[in-house]
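Before any comments, here is the structure.
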Amino acid sequence: MKILIIEDNARVSSLLKRGLESQGYQIYISEDAEDALVIIKKIMFDLIITDIMLPKMNGIELSKMIKQSYPDIPIIMLTALGTIDEKIEGFDAGADDYMVKPFEIRELYARIKAVLLRKSSVMPKSESSSEIEYRNLKINKKTNQVFRNKKEISLSPKEFKLLLFMMTNPDRILSREEIAENVWGNHFDTGTNYIDVYIAYLRKKIDKDHEEKLIHTRPGMGFIFTFNL
């Protein structure tokens with residue numbers, strides 16, 4: 001497993017490198033975003049770990065660029081910025097997980113394993129079809145495009161992942177815990193309102209201007225993706 005660490009603090013990157021190499025990962029280091037983009041073009045990484053506060057370009061903009069060209073490479077953000085708005089900005093940029101400094105290195109090991117496990121299980125390589133259709137909604141898993149009545153809908157990476165999970169589980173109630181585990185991972189903080197925020201984002205984009213609504217709330221139970229109400 002090849003992991004790229006993007007961190008301008010040499011002490012932090014050195015500690016991470018030693019720790020992750022002890023777990024059997026092959027580690028590459030980049031000190032800034034521009035250098036990282038050059039490395040990514042040359043090497044296919046299994047995971048990218050990036051700080052947000054970077055020289056030349058911040059980790060948010062870097063993640064957006066990486067996800068545009070390499071949507072299947074998972075990204076873990078490490079940062080001292082820990083407010084809900086800042087975390088949502090990170091997820092919207094394509095982060096698959098988000099850790100606030102300081103953190104225990106053992107927790108990072110666990111987060112990496114969870115992210116890589118989700119990557120291998122959510123979209124099997126043997127799956128022949130890249131598209132899912134549900135009535136007048138179509139989603140392309142390769143291009144990350146979404147269409148309703150043939151009109152394209154722009155979604156952030158996390159909104160896309162949430163919609164994909166709901167579309168592959170139609171007509172049944174999905175609890176917040178189930179959504180958290182499959183879209184955000186096992187380390188999701190269930191005490192936050194991220195899921196409700198993102199459900200609201202999806203409703204606004206998917207159901208806006210449509211008489212038939214797709215995403216419904218079951219008070220006290222969770223959410224359901226269906227036309228059959």
Side-chain angles (χ1 to χ4, degrees), residues 33 36-37 40-41 44-48 50 57 59-77 87-98 115-172 174 178-185 188 194-216 223-228:
L37 291 173
I40 292 168
K41 289 180 180 178
M44 180 55 67
F45 289 99
D46 298 285
L47 177 75
I48 293 172
T50 182
M57 180 193 305
I60 297 293
E61 294 304 317
L62 174 62
S63 295
K64 290 178 180 178
M65 294 182 68
I66 293 172
K67 286 294 186 177
Q68 285 176 355
S69 301
Y70 310 97
D72 293 333
I73 300 180
I75 297 174
I76 296 178
M77 285 188 177
K87 289 181 180 180
I88 288 176
E89 184 181 20
F91 287 131
D92 281 346
D96 295 84
D97 207 343
Y98 192 113
V115 167
L116 292 175
L117 181 61
R118 294 202 304 274
K119 176 188 174 184
S120 65
S121 62
V122 172
M123 295 186 185
K125 297 185 187 304
S126 61
E127 193 173 52
S128 59
S129 175
S130 63
E131 293 187 344
I132 299 175
E133 291 190 54
Y134 190 94
R135 296 281 288 270
N136 62 358
L137 185 70
K138 180 187 291 186
I139 187 169
N140 188 306
K141 296 181 290 184
K142 288 187 176 179
T143 63
N144 286 12
Q145 290 177 293
V146 177
F147 299 88
R148 187 163 184 185
N149 287 337
K150 299 183 179 180
K151 181 179 179 180
E152 187 169 2
I153 301 168
S154 178
L155 299 181
S156 72
K158 191 61 66 175
E159 290 167 353
F160 181 88
K161 193 171 184 179
L162 174 58
L163 178 62
L164 177 60
F165 178 65
M166 299 187 81
M167 283 190 70
T168 52
N169 293 275
D171 303 316
R172 73 180 185 87
L174 302 171
E178 189 174 4
I179 292 172
E181 180 178 348
N182 287 275
V183 179
W184 274 269
F188 179 79
Y194 291 160
I195 293 174
D196 298 84
V197 169
Y198 275 91
I199 289 290
Y201 289 164
L202 276 186
R203 280 198 178 115
K204 185 175 181 180
K205 293 183 178 182
I206 298 296
D207 287 337
K208 184 180 179 181
D209 302 325
H210 291 277
E211 184 177 348
E212 290 184 299
K213 307 304 180 185
L214 275 169
I215 302 172
H216 305 269
F223 307 94
I224 184 168
F225 178 89
T226 184
F227 274 108
N228 303 318

With T143, which residues qualify under side chain to side chain donor-acceptor pair (under 3.5 Å), at least two apart? N140, Q145
Start with the C-alpha gap between I66 and L37, add the side-chain angles, then the distance that decides, and say whether side-chain contact (heavy atoms from CB on, under 4.5 Å) holds. CA-CA 8 Å; I66 293 172; L37 291 173; 4.2 Å; yes
As a quick check of understanding, evaluate side-chain contact (heavy atoms from CB on, under 4.5 Å) for F45 and Y70, giving each step before the final call. CA-CA 10 Å; F45 289 99; Y70 310 97; over 6 Å; no
Taking only residues two or more places apart in sequence, or in another chain, which ones meet Q68 in a side chain to side chain donor-acceptor pair (under 3.5 Å)? none
All salt bridge (charged side-chain N to carboxylate O under 4.0 Å, His left out) counterparts of R203, not counting sequence neighbours: none
Rounded distance [0.5 Å steps], CG in L155 versus CG in D92: 10.5 Å
Excluding sequence neighbours, so at least two apart, what forms side chain to side chain donor-acceptor pair (under 3.5 Å) with Y201? none
Any idea which heavy atoms bring L47 and P74 closest together, and the distance? CD1-O, 3.5 Å
Backbone N/O of F147 and side chain of K150: donor-acceptor pair under 3.5 Å: no
Looking at P71 and N144, what are the two nearest heavy atoms and their distance? CB-ND2, 3.9 Å
Sequence-distant partners of N136, side chain to side chain donor-acceptor pair (under 3.5 Å), two or more places apart: R148, N149
Rounded to the nearest 0.5 Å, how far apart are OG1 of T226 and CE of M166? 10.5 Å
What pairs meet the salt bridge (charged side-chain N to carboxylate O under 4.0 Å, His left out) rule with one or both residues in residues 59-69, with sequence neighbours excluded? E61-K64, K67-D96
Using a 3.5 Å distance criterion without hydrogens, assess whether the side chain of D97 forms a donor-acceptor pair with backbone atoms of I76. no
If you define the side chain from C-beta out and look only at heavy atoms, does anything of L62 sit under 4.5 Å from I75? no
Residues G59 and M77: closest non-hydrogen pair is O-CE, 3.8 Å
Inter-residue atom distance D209.CG - K151.NZ, 0.5 Å rounding: 6.5 Å
S154 backbone acceptor or donor facing K205 side chain under 3.5 Å: yes
Does any part of the side chain of L137, heavy atoms only, come nearer than 4.5 Å to the side chain of L163, both counted from C-beta? yes
Listed by chain and number, what are the side-chain contact (heavy atoms from CB on, under 4.5 Å) partners of P170, not counting sequence neighbours? Y134, F225
Give a yes or no answer on whether the side chain of Y198 reaches the backbone of I88 with a donor-acceptor pair at less than 3.5 Å. yes
Between I48 and I40, does the side-chain contact (heavy atoms from CB on, under 4.5 Å) criterion hold? Intermediate values first, please. CA-CA 9 Å; I48 293 172; I40 292 168; 3.7 Å; yes
Going by salt bridge (charged side-chain N to carboxylate O under 4.0 Å, His left out), name the residues that satisfy it together with E212, two or more places apart in sequence or in a different chain. R135
Face-on cation placement of K158 at W184 ring, 6.0 Å and 45° thresholds: yes
Rounded to the nearest 0.5 Å, the CD1 atom of I132 sits from the OG1 atom of T168 at a distance of 5.5 Å
All heavy atoms of P157 vs all of A93, minimum pair found to be CG-C, 4.1 Å
Search all heavy atoms of K208 against all heavy atoms of K204 and return the closest pair with its distance. CB-O, 2.7 Å
Between I215 and D207 the two heavy atoms that sit nearest each other are N-OD2, 3.3 Å
From M44 CE over to I73 CD1, what is the distance, rounded to the nearest 0.5 angstrom? 5.0 Å
Could you tell me which residues satisfy salt bridge (charged side-chain N to carboxylate O under 4.0 Å, His left out) with E89, sequence neighbours excluded, listed by chain and number? none
Are there more than 12 heavy atoms of other residues, nucleotides or ligands under 6.0 Å from atom CE of M65? no
Under the side-chain contact (heavy atoms from CB on, under 4.5 Å) criterion, do I199 and L162 qualify, and how do the steps go? CA-CA 8 Å; I199 289 290; L162 174 58; 4.0 Å; yes
